[in-house]
Amino acid sequence: MSDTKSSNAMWGGRFASGPDAIMEAINASIGFDKRMARQDIEGSRAHASMLAAVGILTDKDADAIREGLLTVLSEIDSGTFVYSTALEDIHMNVESRLKELVGEAAGRLHTARSRNDQVATDFKLWVRNQMDASVEGLGALISALLTQAEAGADMVMPGFTHLQVAQPVTWGHHMMAYVEMFARDRARFVDARARANECPLGAAALAGTSFPIDRHMTASALGFDRPAANSLDAVSDRDFALEFLSAAAITATHLSRLAEELVIWSSAQFRFVTLSDRFSTGSSIMPQKKNPDAAELIRAKVGRINGAMIGLLTVMKGLPLAYCKDMQEDKEQVFDAADSLMLSLAAMSGMIADMRPNAPELERAAATGFSTATDLADWLVRVLDMPFRDAHHVTGTLVKMAEDKGCDLPDLSLADMKSVCSDINDTVFAVLGVHNSIKSRTSYGGTAPDQVRAQIALWKEKLS
Ligand code: ARG
């Protein structure tokens, strides 16, 4: 190899001159794929061991490579590693440094593999870590919600539809709704991980290799369940990243809904909760302000995460098999989405753990907006055997009467009630209180405190 300077150390044989500066700029991925250094080294170490085990490499060379790769990793960890844009990506940066460290043996590492299966493997390992981290982050958030739910299993608050007061519910019930949502998110990551856990390494460029490699060995060394079964698919599949982004987008959507509730609830108009100083900011001009910035940022992060999902779907759309350089555009958006998700999960867990519900205000609000009108209609059905449609009409008339008088339903007199429906008796007043209302909602999954406690217990058991 004579002119490795003028062209390229890795494929200089075919090229007379080096790339244009613009070509280098558009081509290089080292600026971002350095985040996969650890996975790259892990993959290469597994590959070297396998090559030795099947007799393609001598033990001596394999040992030198494996040791050398650890040295490279320590240089990366300590920040002394010098990255080169000319070397394009993390794979060639690592290999080039390995060559400086161990000499000729380094050139044998790339036997029976390609950067195509190498990058697929590295990226999959990286995404798999993030799937695990998402499962963990969601677990922490779910625990924080369970703690809130348990403390407020009897606490009454208004339940809303259309953001209009609808019926009383409990704080515990509301928290547990988010537990259900985040638990489904968690299951999506677990599920995606199981499907993704096949190893691309050994697919080589696209067609497999003529060397007698043992793909089962590398797969198991890297914690995969099995090698990917089709070499073309193995190097061109980015479903694992798409599934990660999809699960992340749904999670971020749930986070943004909860964030929005925190923004509303912490406002001076609602005063349902107090958020901790730890997750709030002040204003530089208005001394009284305490802003729910963390919640607002979580509400917004979903934009980047959804953007990443659409971005990668668009990159992959219409790509012919197998590897295409387009696929280098898979990483940055996944990295950004993963960072945004982790930060959002951590901030939300902190906010939920610190949040203090304002029980008196929640209860006061629960009694507004004729929130027990459905209880009244149900009473007419149950006690007077009225068809529900008629009961709905009678109750509507009573709500109108209360509205005209400027009072709430329980403030109407028995005479008022009888003027609309003569059969009503004074046992009706018992169902008009918010506490009786929530206690009566005992159907499976309903808001009655006993139902909610049973769900809390179930989830605690599932998570332990
Ligand atoms: N940097 C490349 C990527 O991220 C590595 C694979 C390059 N393969 C190739 N045939 N040029 O996709």
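Counting starts at 1 for both ligands and their atoms, following the listed order.
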**Report entry** Glu150/Lys460 salt bridge by N-O under 4.0 Å criterion
**Finding:** yes
Report task. For the pair Asp132 and Arg128, find out whether any cationic side-chain nitrogen is under 4.0 Å from an anionic carboxylate oxygen. Result -> no
Requested in this report: Enumerate the residue pairs fulfilling salt bridge (Lys or Arg N to Asp or Glu O under 4.0 Å) with a member in residues 173-187, sequence neighbours excluded, ordered by first and then second residue.
Outcome: Asp185-Arg188
**Report entry** Check ion pair Arg108-Glu104 (N to O, under 4.0 angstrom)
**Finding:** yes
Distances for all N or O pairs of ligand 1 and the protein under 3.5 Å?
| from | atom 1 | to | atom 2 | distance (Å) |
| --- | --- | --- | --- | --- |
| ligand 1 | 1 (N) | Ser29 | OG | 3.2 |
| ligand 1 | 1 (N) | Asp89 | OD2 | 2.9 |
| ligand 1 | 1 (N) | Gln328 | OE1 | 2.8 |
| ligand 1 | 4 (O) | Lys331 | NZ | 2.6 |
| ligand 1 | 8 (N) | Asn116 | OD1 | 2.9 |
| ligand 1 | 10 (N) | Asn116 | OD1 | 3.0 |
| ligand 1 | 11 (N) | Arg115 | NH2 | 3.4 |
| ligand 1 | 12 (O) | Tyr323 | OH | 2.4 |

Query raised in the report: What pairs of residues pass the side chain to side chain donor-acceptor pair (under 3.5 Å) test when at least one of them lies in residues 201-221, not counting sequence neighbours?
Result: none
**Report entry** Residue pairs involving residues 343-358 (criterion salt bridge (Lys or Arg N to Asp or Glu O under 4.0 Å); sequence neighbours excluded)
**Finding:** Arg278-Asp354
